[in-house]
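Within every chain, numbering begins at 1; the chains are lettered A, B, ... in the order of the sequence lines, protein sequences first and strands thereafter.
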Amino acid sequence: MTTIEQLLSDWMRAAFQQTLPEITEGWGAFSVVATTTPEFGDYQCNHSMGFAKQLKKNPRQIADAVVKNAMPLEAVSKLEIAGPGFINITLNKDWLARLVDEVGRDPLCGTPQLGEGKTVILDYSSPNVAKPMHIGHIRSTVIGNALDRLHRFLGYKVISDNHLGDWGTQFGIMIMGYRHFSDPVAIETEPIEELERVYVKSYEQSKLDENWLAQARQELVKLQAGDPENIRLWQQFVALSLKEFGRIYKRLDVTFDLMRGESYYNDRLPGVIQSLLSQGLVRESEGALVAFLEDEKLPPCIVKKTDGGFNYATTDLATIQSRVAEFNPDKIIYVTDERQQNHFRQVFAVARKMGCKTHLEHVWFGLMRLPEGTFSTRQGNVIKLEKYLDEAEARALAVVKESSPEMPEDRQKNIARAAGIGAVKYTDLSQNPQSLVTFTWEKALALDGNSAPYLQYAYARIASVQDKYRDLYPSVDLNTYPILLGEPIERVLAIMILRFPEAVVRAAEVYKPSILADYLYELASAYSTFYQNVPFLKAPEGLRESRVRLCSEVAKLLRQGLNLLGIETPDRI
RNA sequence: GCGCCUGUAGCCUAAUGGACAAGGCAUCUGACUUCGAAUCAGAAGAUUACAGGUUCGACCCCUGUCAGGCGCGCCA
């Protein structure tokens, strides 16, 4: 199926091309967009003015000719010229109704399978081993997961990979700390907290004590050389961390195809250096091996340290190499915070010089701050992810108990979980990831207005309407009744229903789940107006069935859309 | 100092170069004996940081200024 936007664009483009044969290029950018206000119809085309300038002609005359040249189209009931030369398009009501009917029967809700035959690797979340996940990890996890789901829905083959920070210099200090400070009881009861405590203590020790630091380096060298005892410890750290992370991912309903940490690529690092050397892409500088990227206006990229060790640029290059060799992806998408922009530009530039043709994309998001400053471990104001989720559920539970006191407690808790976790996710998904974010509990856990519970509430009300209808008319086949769009709000709702594919496609194309979230909010908003202002169960036969069918379609889209954002849709809330 | 990013009502956020800048929170008015009020209908609130420029048309593009965030050779 094609989207309305696509259909109208193709149609208008043909009329323009016939009218203006002297224009031979630039047709790719030609488009038709939704109008800003209903008085201008449903969609508008604004290209007359642009072409008029180019050809030094009168824009209204061009629009006039285009309208005359346009082939009759069933979908369009009215074509008007307004202002300096806007072409306003009003859609045909019966055609809309038929399309709503058709979309309703499509399991994909009219979404084109743009990703058919294409493979995408999505690299997101990527917490560090032996450290607890904190509030800073949620954006990569939640945004990455939404992009994952969106791409799958568009037909891409997606390989999601959690690129854990499980290798690196911190493990020398970690091992020293574990040997000297760890409490066996605490390791059983709160493993990650204990590992963190031990790490911090050892790190502080290394600042004070040269000897300690030297020993830590020794332990690191032994680990990297494959010393069995240190390997065993390291594996223990990784296992404890994975268990803890797994618990959080389960709460967030996030799964990965692969969990390959940095250590996975260890064996490939010398090979990367070899090919960089043989391709003449690096040279020695101040004792290190460096790729200079002056042409790209980027700082130099170190791939081998003075002490002979490798760093994260090396690992990332090896990771690209490995992923390309194994999966031959069309695209690799990384979701991290803004601080890594330069790093990825460097790595991508070097990878391209090495001959990598795969499209590499860094999707970055702004750091979260507190009103009084940044989160920092030193100030001890970092919010642990589990605490954050607990708080979200607790606040939601208070609301559920208030609004549904008669409900059994385990049910209240289930709803609070869906609403609380949904609210947390929606907060990060509903805004442009690239804006600065100031964290407040009030905003992060909002349960009204533009929030996940608002959408879940709309969904639950529809579910309830459907149940009641089935109770009243158990043997009626709704699909034998046509969709009727008599009321203005029904028309609005129909167009909203048909816009779902555009929202999904754009959200994936520009890596902004917020576009889908915005759309869903508008859809739910239109539905709430509909719900509150026209009767459906009490409407006469025919109208009643049409309206219940519209309800079902909205329900389907809300469920599907929220699922793409990783948000649950309980039948009651 | 250099580079990247951000600046939209009291607060939080929308707006592929198009018509009058769109919502939410908070505030104020109304609507539950009615299909679920975590809702709906309405009011009020804006010199889109500032100054220039390009354009028929600028929150959006260009230049400069101010404010904030982040990054700037061996941490990831």
(request) Check side-chain hydrogen bond (donor to acceptor under 3.5 Å, both in side chains) between A:N266 and all other residues, then give those that pass, not counting sequence neighbours. (result) A:W167
(request) Mind checking side chain to side chain contact (heavy atoms under 4.5 Å, CB included) for A:H134 and listing every partner two or more places apart, or none if nothing turns up? (result) A:H137, A:V382
(request) Starting from P on B:rC2, measure out to CG on A:L293 and report it in whole angstrom. (result) 22 Å
(request) Not counting sequence neighbours, which residues clear side-chain hydrogen bond (donor to acceptor under 3.5 Å, both in side chains) with A:E5? List them please. (result) none
(message) Any base atoms under 4.0 Å from A:D337, or only sugar-phosphate, or nothing? Heavy atoms, all strands.
(response) nothing
(request) Give the stems involving RNA chain B, where a stem is 3 or more consecutive Watson-Crick or G-U wobble pairs (i with j, i+1 with j-1, and so on) under 3.5 Å. (result) B:1-7 with B:66-72, B:10-13 with B:22-25, B:27-31 with B:39-43, B:49-53 with B:61-65
(request) State plainly whether the residues A:K468 and A:D471 are in salt-bridge range, i.e. N to O under 4.0 Å. (result) no
(request) Using atom NE2 of A:H362 as one end and atom C1' of B:rC70 as the other, report the distance to the nearest whole Å. (result) 12 Å
(request) Describe the nucleic acid contact of A:E522 in one word from base, sugar-phosphate, nothing, applying a heavy-atom distance below 4.0 Å. (result) nothing
(request) Take atom C1' in B:rG45 and the same atom in B:rU8, then report the distance between them in whole Å. (result) 14 Å
(message) For nucleotides 32-39 of chain B, give me one character per nucleotide, 5' to 3': B if any protein heavy atom sits under 4.0 Å from the base, S if the only such contacts are to the sugar-phosphate, - if neither.
(response) --SBBSBB
(request) Rounded to the nearest angstrom, tell me the gap between atom CZ in A:F86 and atom C1' in B:rG18. (result) 4 Å
(request) Could you list the residues that satisfy side chain to side chain contact (heavy atoms under 4.5 Å, CB included) with A:D64, not counting sequence neighbours? (result) A:K68, A:I81
(request) Tell me what A:A52 touches on the nucleic acid: a base, only sugar-phosphate, or nothing, going by heavy atoms under 4.0 Å. (result) nothing
(request) Mind checking side-chain hydrogen bond (donor to acceptor under 3.5 Å, both in side chains) for A:Y527 and listing every partner two or more places apart, or none if nothing turns up? (result) none
(message) Under 4.0 Å, counting only non-hydrogen atoms across every strand here, what does A:S451 touch: a base, just sugar-phosphate, or nothing?
(response) nothing
(message) Roughly how many Å apart are B:rA41 and B:rC25, using the P atom of each and rounding to a whole number?
(response) 12 Å
(message) When you measure from the centre of the six-membered ring of A:Y519, is the NZ or CZ of A:R499 closer than 6.0 Å and no more than 45° off the axis?
(response) no
(request) Using the salt bridge (charged side-chain N to carboxylate O under 4.0 Å, His left out) rule, collect all pairs that involve residues 420-442 of chain A, keeping only residues at least two apart or in two chains. (result) A:R139-A:D428
(message) Suppose you measure atom P in B:rC32 against the same atom in B:rU13; what distance do you get, rounded to whole Å?
(response) 36 Å
(request) Take the protein atom CZ of A:F439 and the nucleotide atom P of B:rG69, then report the distance between them rounded to whole Å. (result) 19 Å
(message) Under 4.0 Å, heavy atoms only, any strand: does A:T306 hit a base, just the sugar-phosphate, or nothing?
(response) base
(message) Between A:Q341 and B:rG71, is there a contact of a side-chain N or O with OP1 or OP2 at under 4.0 Å?
(response) no
(request) Verify, without hydrogens or angle tests, whether A:S48 (side chain) and A:G85 (backbone) share a donor-acceptor contact under 3.5 angstrom. (result) yes
(request) Take A:F40 and A:F86 through the side chain to side chain contact (heavy atoms under 4.5 Å, CB included) test and state the conclusion after the steps. (result) CA-CA 9 Å; A:F40 302 135; A:F86 297 107; over 6 Å; no
(message) According to side-chain hydrogen bond (donor to acceptor under 3.5 Å, both in side chains), who are the partners of A:K57, at least two apart in sequence or on a separate chain?
(response) A:E22
(message) Could you check whether A:Y312 and A:H343 have their ring centres less than 6.0 Å apart?
(response) yes
(request) Answer with base, sugar-phosphate or nothing: what part of the nucleic acid does A:F40 contact at a heavy-atom distance below 4.0 Å? (result) base
(request) Scan for side-chain hydrogen bond (donor to acceptor under 3.5 Å, both in side chains) pairs involving residues 530-548 of chain A, sequence neighbours excluded, and state none if there are none. (result) A:Y469-A:E545, A:Y473-A:R544, A:Y481-A:E541, A:E490-A:R547
(request) Could you tell me whether A:R268 sits above the aromatic face of A:F310, with NZ or CZ closer than 6.0 angstrom to the six-membered ring centre and within 45 degrees of the axis? (result) no
(message) Over all strands shown, is A:D166 touching base, sugar-phosphate only, or nothing at heavy-atom distances under 4.0 angstrom?
(response) nothing
(message) Using the side-chain heavy atoms of A:A82, tell me which of these nucleotides is nearest: B:rA19, B:rA14, B:rC70.
(response) B:rA19
(request) Quick one: label A:T37 by what it contacts on the DNA or RNA (base, sugar-phosphate, nothing), any heavy atom closer than 4.0 Å. (result) nothing
Enumerate all atom pairs, one protein N or O and one N or O from nucleotides 54-63 of chain B, separated by less than 3.5 Å.
| residue | atom | partner | partner atom | Å |
| --- | --- | --- | --- | --- |
| B:rU55 | O2' | A:K53 | NZ | 3.4 |

(request) State whether the distance check finds a donor on one side and an acceptor on the other, under 3.5 Å, for side chain A:N88 versus base B:rA19. (result) yes
(message) I'd like the P distance from B:rU65 over to B:rG71, given in whole Å.
(response) 24 Å
(message) When you measure only distances, ignoring hydrogens and angles, does the side chain of A:E39 come within 3.5 Å of the base of B:rC20 through a donor and an acceptor?
(response) yes
(message) Looking at A:D161 and A:R323, is there a salt bridge between them, counting it only when a charged N and a carboxylate O are closer than 4.0 Å?
(response) yes
(message) Give me the distance, rounded to whole Å, that separates B:rG52 from B:rA58 when you measure between the C1' atoms they each carry.
(response) 14 Å
(request) Please report, rounded to the nearest Å, how far the C1' atom of B:rG24 is from the OH atom of A:Y426. (result) 10 Å
(message) Say we look at B:rC11 and B:rG3: how far apart would their P atoms be, to the nearest angstrom?
(response) 31 Å
(message) So A:E286, base contact, sugar-phosphate only, or nothing? Heavy-atom distance under 4.0 Å.
(response) base
(request) With C1' as the reference atom in both, quote the distance from B:rA9 to B:rC4 in angstrom, rounded to an integer. (result) 30 Å
(message) I need a per-nucleotide contact map over nucleotides 42-48 of chain B, read 5' to 3'. Cutoff is protein heavy atoms under 4.0 Å; write B for the base, S for backbone only, - otherwise.
(response) -------
(request) Using a heavy-atom cut-off of under 4.0 Å over every strand shown, decide if A:N46 touches base, sugar-phosphate, or nothing. (result) base
